[in-house]
Trainee: 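Once you've had a glance at the structure underneath, I'll fire off some questions.
Each chain gets a letter, A, B and so on, in the order its sequence line appears, and its residues count up from 1.
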There are 2 protein chains.
Amino acid sequence: MDDEHMETTRPKRSERRSSAQGATSVDVAADRATIQDVAKAAGVSNTSVSNYMNGRLERLGLETRARIADAVGRLGFKPNQAARQLKTGKTKGIALVVPSIVNPFNGQLVFAIEQAAVKAGYAVHLCNTMRDNAVEKRFLENLVGLGVSDLITIAPLSARKGFYRPQSDFSVVAIDADRSDLRLPRLDTINFNHEVAIDLAVEHLYELGHRRIAYVTDPMITYSRRKRLAGFKAAMANRGLQGDLVVLLDADHGARDIADAEMLEVGRSAAPEVLKLRPRPTAVVAFNDMIALGLLASFRQAGLSVPGDLSLVGIDDVWVSQLSYPALTTVRQPIEAMGAAAVDRIINHLAGAVGGGSDTLFLPELTVRETCGEPSS
Amino acid sequence: MDDEHMETTRPKRSERRSSAQGATSVDVAADRATIQDVAKAAGVSNTSVSNYMNGRLERLGLETRARIADAVGRLGFKPNQAARQLKTGKTKGIALVVPSIVNPFNGQLVFAIEQAAVKAGYAVHLCNTMRDNAVEKRFLENLVGLGVSDLITIAPLSARKGFYRPQSDFSVVAIDADRSDLRLPRLDTINFNHEVAIDLAVEHLYELGHRRIAYVTDPMITYSRRKRLAGFKAAMANRGLQGDLVVLLDADHGARDIADAEMLEVGRSAAPEVLKLRPRPTAVVAFNDMIALGLLASFRQAGLSVPGDLSLVGIDDVWVSQLSYPALTTVRQPIEAMGAAAVDRIINHLAGAVGGGSDTLFLPELTVRETCGEPSS
DNA sequence: TTATCGAGGTGTATCGTTACACTAACCAAG
DNA sequence: CTTGGTTAGTGTAACGATACACCTCGATAA
């Protein structure tokens, strides 16, 4: 076993000479066994091999079955999916369109979706759009060619603003979007009960004694942003409180926003605005955990103690929120369940159910950690 | 054998096209335009359409070109990739095998790879293995059927321990792996200069006056872990220092480990071990940022101040490390560049370069934030 | 006896695209 | 007038799997 053999292995056979003109690519395509090879090796017809591969065992005798199994194993036969798809027209692929997986919420959701899809035997085609409409369009057009017609999209902007509407009929499952926003013929939505979530957060603060509560969000227009804002107003009104709203308008936040650190920045720059409010709020609810964590860092730098001087609640319960100091109190979104549900809707579509029309709402759960206490003043 | 009664009623394409208009039913099986339809519509041969679609415009007259362009636009023709692939044997797909995208380092890397791949016109097939060998195996076997033979893998375990070696000839680009670990015929590696990274960290602490420095890592066996550990020992020895090593052996950390919060846990449980060391170290270098953040949280809970009582350096500079308090000093890994390089190697493979054999090493860069100061004692 | 049935197969057209081998003009040069 | 070379095409056989029609037995029923 010497380590000297650094020579690159060359394609062994299939010696073909073509025109020496141009960059003729190497025959990378390995000579993989075809169904015909297996049939020949097993001494049966290709139809029988096909039946075997597709589990139609009742049409095969025991001995034939064994001979085919043996040949398949010996040749390492894997059916060519391109040929299969060309003939059947069916695909086992799901497109997954997401602003950016670096955002921890999206990352966890994509992870959950991928796990569920793989379990169901589907391949996932991932696209991080960065909310770039052109990217999304190119991606979806490619998918049409690939025969993929089922799409899961996360937090799309409303139809007018950006969602690319493919002319061919995709079945779409939208997470964090409103049915009336994306006017699509075959749409399922998966959402989170934002109103209840906000109410849970406000209720928690209310019980601790807080009466002056601010809400911090950013100017993007997604379903969750609208719903949470409305939910906050309602939660406050229901308790006879007046909400101090801080909506941060970030200049370079209009188009290419989203991801990771930028969301933190939103929270950071919102902190001074919160502190300017009079009377000063004793608690803050943030649109999501990332903004909350940005606020937290900024409050700390301003010499304020959380929860000593100010209580803070986030929403989502992404995994980073347990990492801050103090650990963030937040409202949990059941990410895994939502991802699994999305895949489930897709599978139902493909199983032949009529064009989907379901709206699923998941329930929030308060996760109490360390950023809330009784009001100081 | 040959009989004349081969007449089977074969539906013509023209018949399949039912122009149902009105509120009858949804056009469920929307049959997409084929190259033949376009040829007919443009009054040319399918070969000419094929040439047009593949940019071989020099074989087309100006007028023909325009007629085809028009027909393609009118019919919304998108080539069927399954048919194309079946004929050519080529795919524009890259498999991406990663333990879990929830881990922020992997998430950022996958993001970078996806962006680079899309830019180059490649589809990405993502698989979060959770280091489950069976999952990885199933995934890769499916890909063989899909004609994908190019694979990017992140932080695979060494060959013996787990990396699934596909029998068919994949071209593999491994990020965070050693050439000698995965004995594969066509392998490129993309790595980070771990020794220099650690040296940068130790140097930074040394300059601040630290002489007693501990290193915290976890027991998994990956390339980066081995290299960083060795690098730490070397960096200490070169400065005439003795390193206090803390290797945490976490029981339920053996097999299904990795992701997000769990890495934090490693840091958390390592903190008491660090504080037990005598003489007590004045600074700690962590294997990566996540462990460092876990340590940070735990030190704080123990009533210690960072960097007052103890300095701390991480490695990677994942985006979360700027979120902690105090913000983490770390050594930056050029994630975007590494992702782009990985895709570049794949494309070179497909462009016909002989079976890849390159090892690329990226350089670290110290990112000074707030967790390091002069030693207290 | 003949008809019928089902189990266990076989043969081949077909999916949509590209590769390849042609051809039909036209033009320039020997 | 051939010969040869472009230019701008055309016709058709693959690629590998599946669907479907068909076939051949032996057993069972009428």
Side-chain angles (χ1 to χ4, degrees), chain A residues 14 16-19 22 24-25 27 29 31-40 42-68 72 75 77-91 144-147, chain B residues 1-13 16 29 31-40 42-68 75 77-91 144-147:
Chain A
S14 126
R16 265 196 318 217
R17 278 287 142 245
S18 34
S19 64
T24 51
S25 55
D27 246 355
D31 19 338
R32 306 218 350 262
T34 75
I35 204 171
Q36 320 267 355
D37 299 330
V38 176
K40 214 151 288 175
V44 298
S45 73
N46 40 14
T47 300
S48 290
V49 179
S50 175
N51 284 332
Y52 176 83
M53 294 306 292
N54 290 285
R56 287 184 283 266
L57 298 179
E58 74 280 1
R59 300 192 196 166
L60 302 172
L62 279 170
E63 208 237 340
T64 318
R65 220 177 288 187
R67 289 224 310 281
I68 296 177
V72 166
L75 299 175
F77 172 62
K78 289 279 150 197
N80 180 324
Q81 295 297 336
R84 175 177 287 190
Q85 182 186 320
L86 175 59
K87 184 65 177 130
T88 64
K90 294 182 200 303
T91 336
V144 171
L146 285 166
Chain B
M1 281 284 185
D2 292 3
D3 292 329
E4 270 81 356
H5 61 310
M6 278 303 163
E7 279 192 15
T8 36
T9 52
R10 43 183 190 175
K12 281 292 181 189
R13 172 151 282 280
R16 283 205 280 138
D31 37 17
R32 311 194 30 72
T34 74
I35 206 172
Q36 320 265 358
D37 298 330
V38 176
K40 215 151 289 176
V44 299
S45 72
N46 40 13
T47 301
S48 290
V49 179
S50 175
N51 284 332
Y52 176 83
M53 294 306 293
N54 291 284
R56 290 183 281 265
L57 298 179
E58 73 280 2
R59 301 191 195 168
L60 268 15
L62 278 170
E63 208 237 341
T64 317
R65 221 177 286 187
R67 288 224 310 282
I68 296 176
L75 299 175
F77 173 62
K78 289 278 152 195
N80 179 325
Q81 295 297 335
R84 175 179 291 196
Q85 183 187 320
L86 175 59
K87 184 63 180 140
T88 64
K90 294 182 201 305
T91 337
V144 171
L146 285 166

Trainee: Using side-chain heavy atoms (C-beta onward) and a distance below 4.5 Å, is B/Asn80 in contact with B/Thr34?
Mentor: no
Trainee: To check you understand the geometry: which heavy-atom pair defines the closest contact between B/Leu86 and A/Ala82, and what is its length?
Mentor: N-CB, 4.1 Å
Trainee: If you check every side-chain atom of A/Thr47, which of D/dA17, C/dT12, C/dT18 has the closest atom?
Mentor: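 Per side-chain heavy atoms of A/Thr47, the pick is C/dT12.
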Trainee: So which protein N/O to nucleotides 5-9 of chain C N/O distances come out below 3.5 Å?
Mentor:
| residue | atom | partner | partner atom | Å |
| --- | --- | --- | --- | --- |
| C/dG8 | OP2 | A/Glu58 | O | 3.3 |
| C/dG9 | OP1 | A/Thr64 | OG1 | 3.0 |
| C/dG9 | OP2 | A/Gly61 | N | 2.4 |
| C/dG9 | OP2 | A/Thr64 | OG1 | 2.5 |

Trainee: Given side chains that start at C-beta, do those of A/Ser50 and A/Ile35 come closer than 4.5 Å, heavy atoms only?
Mentor: yes
Trainee: Starting at atom CG of B/Asn46, determine the distance to atom C1' of C/dA19, rounded to an integer number of angstrom.
Mentor: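 About 12 Å, once rounded to whole Å.
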Trainee: Does A/Asn54 make a side-chain N or O approach to OP1 or OP2 of D/dT18 shorter than 4.0 Å?
Mentor: yes
Trainee: Could you state the CD-C1' distance from A/Gln85 to D/dC15, rounded to the nearest angstrom?
Mentor: 15 Å
Trainee: Rounded off to whole Å, could you give me the CZ-to-C1' distance for the B/Arg84 and D/dG16 pair?
Mentor: 18 Å
Trainee: Whole-Å distance between C/dT17 P and B/Gln81 CD?
Mentor: 9 Å
Trainee: Judged by atom type as modelled, is there a donor-acceptor pair below 3.5 Å linking the side chain of B/Gln85 to the main-chain atoms of B/Leu146?
Mentor: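 Side chain of B/Gln85 to backbone of B/Leu146: a pair is present.
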Trainee: Could you state the CG-P distance from A/Leu86 to C/dT18, rounded to the nearest angstrom?
Mentor: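 Answer to the nearest Å: 12 Å.
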Trainee: Is there a side-chain contact between A/Arg84 and A/Asn54 (heavy atoms, below 4.5 Å)?
Mentor: yes
Trainee: Specify the separation, in whole Å, of atom NZ of A/Lys90 and atom P of C/dT14.
Mentor: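 So the NZ-P distance, A/Lys90 to C/dT14, works out to 20 Å.
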Trainee: With B/Leu75, which residues qualify under side chain to side chain contact (heavy atoms under 4.5 Å, CB included), at least two apart?
Mentor: B/Ala33, B/Asp37, B/Val38, B/Ala41
Trainee: Report yes if at least one side-chain N or O of B/Arg56 is closer than 4.0 Å to OP1 or OP2 of C/dA19; otherwise report no.
Mentor: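 Yes.
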Trainee: On the side chain of B/Thr88, is there an atom forming a donor-acceptor pair with the base of C/dA19 - under 3.5 Å, no angle test?
Mentor: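 No pair found.
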Trainee: Is there, by distance only and without an angle test, a donor paired with an acceptor across the side chain of B/Lys87 and the base of D/dA14 below 3.5 Å?
Mentor: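 Yes, a donor-acceptor pair under 3.5 Å.
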Trainee: Who are the side chain to side chain contact (heavy atoms under 4.5 Å, CB included) partners of B/Arg59, not counting sequence neighbours?
Mentor: B/Asn51, B/Arg56
Trainee: Hey, what do you get for OG (A/Ser45) to NZ (A/Lys40), rounding to the nearest 0.5 Å?
Mentor: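 Output value for this atom pair is 12.0 Å.
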Trainee: OP1 or OP2 of D/dA17 versus the side-chain N and O atoms of A/Ser50: is any pair under 4.0 Å?
Mentor: no
Trainee: From the set D/dG16, D/dA19, C/dG16, return the single nucleotide nearest to any side-chain atom of B/Asn80.
Mentor: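 The answer is C/dG16.
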Trainee: At what angle, to 10 degrees, do the two end axes of the helix from C/dT1-D/dA30 to C/dG30-D/dC1 meet, given five pairs define each axis?
Mentor: 60°
Trainee: Taking only residues two or more places apart in sequence, or in another chain, which ones meet B/Lys78 in a side chain to side chain contact (heavy atoms under 4.5 Å, CB included)?
Mentor: A/Glu141, A/Val144, B/Arg32
Trainee: Restricting to side chain to side chain donor-acceptor pair (under 3.5 Å), what partner residues turn up for B/Arg65, sequence neighbours left out?
Mentor: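 Not a single residue meets the side chain to side chain donor-acceptor pair (under 3.5 Å) criterion with B/Arg65.
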Trainee: Figure out the CD/C1' separation between A/Gln36 and C/dT12, and round it to whole Å.
Mentor: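 Nearest whole value for this atom pair: 11 Å.
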Trainee: Between D/dG16 atom P and A/Tyr52 atom OH, what is the distance in whole Å?
Mentor: 21 Å
